[in-house]
Amino acid sequence: MVAADTGDATASNHRNYEIDIRMFIGAIVVVMSVSFGAGVFSDPSLSVMNEVKNIFFLSNSTEIKEVISTKYTTDVIGTRRAPTKHISELGKVIGLDEEHVNVNQPSLENFGYGDIEHTAPTMSPHLKSDIDGEDEEEEHLPAGQHILMDIKNVNKEFLNSDERLAAAMVDVIRSAGLTLLSYHCHSLQPMGVSCVGVLLESHISFHTWPEEGVITLDLFTCGSSPLLPVIPELKRLFGVPRLKAIESNYTSTYEEIVTLWSHELRGFRNSESRVNNALDNMSDLANLVLSDLRLEKKEIVSVISPYRRIDIWDIRDLEDYPSDEDVSRANLKPGDPRWLTNEVTSFNRVLFLDGQLKTNRRFDTEYYESLVHPAMFAHENPEKVAILGEGYGATLREVLKHNTVKYVTLVERDQMLYDLVREHFPELSDCSQFYDSVDCCFDDEKVKVLFQEPVSWVFETDQTNIDVIILERLIASSDNDMVAHMLKDTALVDNIMNSLSESGIFAIDIGLPPSIHDPRANMGAFAKREEFFLLLEGRSDVNAMFVYEEAHAGLDEPVSYLVVCKSADCRKRWVAKTEAVDNDIYSRTLETRDDGPTLKHYDGATQYLFQAPPRAWETVYCRREPEPFECAYRGLDITHKIFDFILENEEENPYRVEKNEDEYRVFSKVDIPKGSYIMPSALAANVELYDESIERMRSLIKMEGVGDMKVIQNFLSYVDQNSHDSIAEGSNLQYLEVGPTHFIREVNKEDDANIGRW
């Protein structure tokens, strides 16, 4: 058959081979051994194999551990830095380890048991170009930036959708120019989502509470790119508002999104990178605004001028209560719950220069009235005023409240600051509330604004009759403020004093006050201020200096000021009675359109508090070496005895009074040791009289037709015999002794006296 023939042919062409399985296995073993041996003997570290071989013949496990620990435990060589004196500082890099980052594939990724798994996209295509364009000299410090953000009144469905939340997270990362390596989201039960994203720069994470409409976020990066510009994107992408109501016309209203956030520079940075960084937590901007999670904050301006960084913010604390203006605007009634919330509280606008707080809307009145008016009222008739280095307008506003002022020169180097403040902080230079005044103080015809360095103006000006100069504030850490220039070049002080009139005065904010715990002033944080004081004290044309504090300037600590007078006559106005100061305020300040007070904070009672410096100033002053002479007499020495005049009990009274002809004399009945105190209570009862008051009484008795003036004549005669001038030069005060001390006799020679002042 044909079929049979074909089959036989095929069978005859097919051969079968028999394989011994033992030979096959043996061949495989031989090939593997040869390959392994070739690899071992071709490695340059052949000695390692010998050591490994020796391990197998060690007698016990202890010997094995010793060999492994001594021969195969190697320290990882990482970044090393030179030692520093302070724990928060880092030395210069003296060694670098190798870079090892797995960009395209996470080293470990675990999606757990979440409801939905997402494939994490990678932005690695952008990484190479970023690294290639990076400055090779940039130092990678163990530091970074950290943003915390809390948002409420957010849409419930959005907060419960891991897809929408993950998409928002990816969009934020892309907009920030960061590199996402992976992310992982969990849908929680009964609702809510938790997500974390691993970045090449660090991480981003958040958690949601859909029912409450709340999401909290955390973003940290160790890159050098700033994170503050990311905040608006975080608000936009995650601040999806929830529905409040549907109106009758089918339009929807939504709840206002409330956002709280903080920004911190984290980790360890070199000191030089911290001092000049406005975002560092050493700055007011960081401490008072950026790092405070309790604040609602809105950035108004953040620019860098040719001279400085300028920041203007609106802030409102969660615990802020309504002001009087807020109450009037919102028409709050008794029982309204908004009295105890910040719902109707206005935002406070604040200005920072190079990260340092300069002024704020809520407390600028207290600060600038305390800076300007003590100096202005210490001058009898200030007509010409110069303001050096304060271009905000608030100092000018206070100066122009005096109706004696005829000419003001304002010198400010930064025109950008001047323009920004006029636009975004107009209330600082608002003069519209006064009769016969312009809306903006800068536009007053009495004002001349010069854009130049205040220091150069002082050297170039030919003015010699300025009544009051107000200087920019002293900054203890700065080497570029007016005081720093004075200390470097005393000719600057000469020019300032020469430009003042004979009764001229200058005033300056001298920063935070000392405490009783501070060390000697020339050794502590205020050494620059102490050097400035000593410079002024050593000048013959400085005859009075007054230090005072204002505790209501809106800061955590009081602000201190200094007033310096060329003439000692300013002291009589400085120590004037409360009523006299109030009378000057009434007669010398402009009237307001609403008939309200021209000065809202400063008055005679405020000046009374300024007349004597607080105890801490005296304490630190008396720590000078050598100790000033007067410091030994700050109070009674409790180790010395007191011999007071006891009028009520003649037997216990250590003194007796005798009359010799028309003169009374006082004598001691007991031995009084040297150094004891004589009649301190009687001396404390002396009557204080002003020279002006005495002169007015003298003028009164000379007037005709005023009747019998014998009583006044006798009083003046008594004053002439029993009063003495105050040792405070220029105070124009006399002290009239009305107690037994006026019976103490005077002698012609000091050596004949048995009592003394010291």
Side-chain angles (χ1 to χ4, degrees), residues 84-89 271 274-276 280-288 354-358 363 366-367 370-371 374-375 471-488 493 506-539 542 544-564 574 606 608-638 728:
T84 60
K85 294 181 179 180
H86 197 279
I87 190 171
S88 68
E89 296 183 3
S271 56
R274 300 186 64 193
V275 172
N276 299 319
D280 187 87
N281 56 15
M282 296 170 62
S283 75
D284 294 334
L285 175 60
N287 276 324
L288 301 178
D354 290 330
Q356 302 304 311
L357 176 64
K358 292 301 179 181
F363 295 99
E366 293 92 323
Y367 173 85
S370 299
L371 168 65
L471 303 175
E472 65 179 351
R473 68 183 61 182
L474 181 155
I475 303 175
S477 60
S478 173
D479 292 326
N480 198 37
D481 64 0
M482 181 69 76
V483 172
H485 285 287
M486 290 183 190
L487 297 177
K488 294 174 185 176
V493 187
F506 78 76
I508 183 173
D509 169 357
I510 53 175
L512 297 177
S515 77
I516 59 174
H517 309 289
D518 285 354
R520 198 164 72 241
N522 66 333
M523 299 179 64
F526 302 113
K528 176 181 172 182
R529 183 167 66 192
E530 175 73 356
E531 187 179 356
F532 179 51
F533 284 176
L534 293 173
L535 174 65
L536 295 174
E537 291 171 17
R539 296 186 62 90
V542 172
M545 293 173 57
F546 306 107
V547 172
Y548 60 102
E549 295 179 11
E550 174 53 64
H552 302 89
L555 301 177
D556 293 336
E557 297 186 63
V559 178
S560 51
Y561 306 89
L562 172 68
V563 166
V564 178
W574 187 263
T606 307
Y608 178 78
L609 297 176
F610 292 165
Q611 289 177 356
R615 182 66 180 270
W617 285 97
E618 179 186 83
T619 301
V620 173
Y621 170 77
C622 288
R623 287 186 177 138
R624 286 181 175 180
E625 293 184 358
E627 182 183 79
F629 168 76
E630 62 271 23
C631 291
Y633 304 95
R634 288 181 285 171
L636 298 180
D637 189 338
I638 61 174

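- Considering CD of Gln611 and OH of Tyr548, their distance stands at 12.5 Å, rounded to 0.5 Å.
- Under a cut-off of 6.0 angstrom, the local environment of CD1 in Ile516 is sparse, with at most 12 non-hydrogen atoms contributed by other residues, nucleotides or ligands.
- Atom-to-atom distance recorded for Ile510:CD1 and Leu471:CG is 12.0 Å, nearest 0.5 angstrom.
- When every heavy atom of Glu627 is checked against every heavy atom of Ala632, the shortest pair comes out as OE1-N, 4.1 Å.
- Expressed to the nearest 0.5 Å, how far CZ of Phe610 lies from OG of Ser370 amounts to 4.0 Å.
- In plain terms, the two heavy atoms of Thr619 and Arg634 that are nearest each other are CA-NH1, 4.1 Å.
- The shortest non-hydrogen separation linking Gly355 to Ser283 is O-CB, 3.6 Å.
- Residue Met523 places its CE atom among 12 or fewer non-hydrogen atoms of other residues, nucleotides or ligands, all under 6.0 Å distant.
- Residues Arg473 and Ile508 come closest through the heavy atom pair CA-CG1, 4.3 Å.
- Taking CG of Asp354 as the start and CG of Asp284 as the end, the distance is 11.5 Å to the nearest 0.5 Å.
- Panel note: side chain Glu549, backbone Pro613; no donor-acceptor pair is recorded below 3.5 Å.
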Side chain to side chain contact (heavy atoms under 4.5 Å, CB included) assessment of Arg615 paired with Glu618: CA-CA 5 Å; Arg615 182 66 180 270; Glu618 179 186 83; 3.2 Å; yes
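- With hydrogens and angles disregarded, no donor-acceptor distance shorter than 3.5 Å links the side chain of Arg529 to the backbone of Ala521.
- In this structure Ser515 satisfies the side-chain hydrogen bond (donor to acceptor under 3.5 Å, both in side chains) test together with Asp518, sequence neighbours excluded.
- Of the possible polar contacts, none joining the Arg539 side chain to the Leu536 backbone as a donor-acceptor pair under 3.5 Å is found.
- A salt bridge links Glu530 to Arg624: one of the charged nitrogens lies within less than 4.0 Å of a carboxylate oxygen.
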Throw together a table of side-chain donor-acceptor distances under 3.5 angstrom for residues 552-563, partners on residues two or more places apart or in other chains.
| unit_1 | atom_1 | unit_2 | atom_2 | d |
| --- | --- | --- | --- | --- |
| His552 | ND1 | Glu550 | OE2 | 2.8 |
| Ser560 | OG | Gly511 | O | 2.4 |
| Tyr561 | OH | Tyr367 | O | 3.1 |

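- Residues Cys622 and Pro628 approach most closely at CA-CD, 4.3 Å, considering heavy atoms.
- When every heavy atom of Ala616 is checked against every heavy atom of Pro514, the shortest pair comes out as CB-O, 3.4 Å.
- Between the CZ atom in Phe532 and the CD atom in Glu537 there is a gap of 11.0 Å [rounded to 0.5 Å].
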